[in-house]
Amino acid sequence: MKKILSNYYAIIMMLLFIIYNLILMNLKIGGLLYQMFMIFIIVCNIAILIKLRKNIKHNSVVIIIYFFIWLFSKNALQCAFGLSSMITLMITGFMDSWLIKIITVLITIFFTSFSMPILMIYLFTFGPSISEESGRNDIYNDMHYYCEDNYEVYSYSAGAMDRFHYSIDKHYDFLNIDGIIYISYNERNEVGKNEYNEYLNTHKCKLTGDINGGVRIDI
């Protein structure tokens, strides 16, 4: 059993990464405790990959998969986990495999050649904060409401080149200790502007973060 775990450690961690970031994409976890946990996991994962470098199997496959999926991470820390795993496997396997040598050279050329577009896409996707959630950093706070029956209503946009979009979502808070940790489920469901306004007019909704008596403005 121990031998199997050491041989397939990289694949197991990659599968957990895929499950959390791609399959459970609507599950959101954040907060200071989550950030500390992820930093600890990233450091431990790098150390384990280095320690097991002679035992790990299918390094090249794992590297290639991480290369194609790292940008689909939920947040910057998940992205750091994917990239650090890929880079560590490239470094530890470089001297032992001609295939990994070729993959490493090609990936290095790619990142070097397209460094500026990749940086722009990264910032666009995750924002400047390590706690920013991909898919949540485009929401307008002054048009973001929590409503009865666990619904969340908001407007969002990808920026100046994008139009306004509107969403009426299911929202569940499983745990929310202010600033420390939160676990929630958010399911984006795009609707039209009229449906957005009609829902706000016919349901009990509060502007996020206010409860300070924000006034809704129809657009």
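Residues: numbered from 1 along the sequence shown.
In this model, no donor atom of one side chain and acceptor atom of the other lie less than 3.5 Å apart for Y196 and E198. Side chains of N21 and Q78: a donor on one and an acceptor on the other come within 3.5 Å. At a cut-off of 3.5 Å, with distance as the only test, no side-chain donor of H171 or N150 sits close to an acceptor on the other residue.
No side-chain donor-acceptor contact under 3.5 Å links H144 to the backbone of Y140. S97 places a side-chain N or O within donor-acceptor distance of the main-chain N or O of L99, the cut-off being under 3.5 Å. For K74 (side chain) and L22 (main-chain N/O), no donor-acceptor pair under 3.5 Å exists by modelled atom type. Between the D173 side chain and the N176 main chain, no donor and acceptor come within less than 3.5 Å of each other. The backbone N or O of K204 lies less than 3.5 Å from a partner atom in the side chain of E148, making a donor-acceptor pair. In this structure, K54 contributes its side chain and K51 its backbone to no donor-acceptor pair below 3.5 Å. Under the 3.5 Å distance criterion, the side-chain polar atoms of K170 are left unmatched by any main-chain donor or acceptor of N189. Panel note: side chain N45, backbone I41; no donor-acceptor pair is recorded below 3.5 Å.
Across all non-hydrogen atoms, the minimal contact from N186 to K28 is OD1-CG, 3.3 Å. Considering every non-hydrogen atom in both F126 and S73, the closest pair reads CE2-O, 3.2 Å. Closest approach of C79 to W70, counting heavy atoms only: SG-CE3, 3.2 Å. Heavy-atom minimum distance, L207 versus M143: CD1-N, 4.3 Å. Closest non-hydrogen pair, L77 versus I42, comes out as O-CD1, 3.6 Å. Of all the heavy atoms in T92 and R53, the pair that sits closest is CB-CB, 3.8 Å.
Within a 6.0 Å sphere centred on CD1 of I4, heavy atoms belonging to other residues, nucleotides or ligands number 12 at most. F174 CZ: more than 12 foreign heavy atoms inside a 6.0 Å radius. Around atom CZ of F37, no more than 12 heavy atoms belonging to other residues, nucleotides or ligands sit under 6.0 Å away.
Using cut-offs of 30° and 60° for the angle between ring planes, the Y66 and F81 rings count as perpendicular.
Hydrophobic clustering keeps I102 apart from M95 (ILVMFWY residues linked when any side-chain heavy atoms are closer than 4.5 Å, directly or through intermediates). Hydrophobic clustering (ILVMFWY, side-chain heavy atoms < 4.5 Å, transitive): M36 and M38 are in distinct clusters. Neither I87 nor I109 shares a network with the other; the hydrophobic side chains, linked directly or stepwise wherever heavy atoms of I, L, V, M, F, W or Y lie under 4.5 Å apart, form separate groups for each. A single hydrophobic cluster is seen to contain both I50 and I100, as judged by linkage of ILVMFWY side chains at heavy-atom distances under 4.5 Å, directly or through other members. Using a 4.5 Å cut-off between side-chain heavy atoms of Ile, Leu, Val, Met, Phe, Trp and Tyr, with links allowed through other members, V105 and W98 fall into different hydrophobic clusters.
To the nearest 0.5 Å, the span separating CD1 on I64 from CD1 on I107 amounts to 7.5 Å. Here the CD1-SG distance, from I168 to C205, works out to 8.5 Å after rounding to the nearest 0.5 Å. S157 OG to F164 CZ: the interatomic distance, rounded to the nearest 0.5 Å, is 6.5 Å. Taking CG of L89 as the start and CD1 of I63 as the end, the distance is 5.0 Å to the nearest 0.5 Å. Between atom OH of residue Y166 and atom CG of residue L200 there is a gap of 11.0 Å, rounded to the nearest 0.5 Å. Here NZ of K193 is found 11.0 Å from CZ of R163. Values are rounded to the nearest 0.5 Å.
None of I48, L49, I11, V62 except one satisfies the side-chain contact (heavy atoms from CB on, under 4.5 Å) rule with I56; the exception is L49.
In this structure, F110 has its ring center closer than 6.0 angstrom to the ring center of F67.
For D169, the side chain to side chain donor-acceptor pair (under 3.5 Å) test picks out Y154, S167, with sequence neighbours left out.
By the 4.5 Å heavy-atom criterion applied to side chains, Y199 and Y151 are counted as neighbours.
No cation-pi contact links K206 to Y146, judged by a cut-off of 6.0 Å to the six-membered ring centre and 45° from its axis.
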Verdict with supporting geometry, E190 and H165, side chain to side chain donor-acceptor pair (under 3.5 Å): CA-CA 7 Å; E190 185 172 351; H165 302 270; 2.8 Å; yes
Residues C44, F40; criterion side chain to side chain contact (heavy atoms under 4.5 Å, CB included); working and verdict: CA-CA 6 Å; C44 287; F40 175 76; 3.4 Å; yes
Residues N55, Y8; criterion side chain to side chain donor-acceptor pair (under 3.5 Å); working and verdict: CA-CA 8 Å; N55 300 325; Y8 296 98; over 6 Å; no
Worked verdict on I139 versus R188 for side chain to side chain contact (heavy atoms under 4.5 Å, CB included): CA-CA 11 Å; I139 297 174; R188 179 165 285 183; 3.8 Å; yes
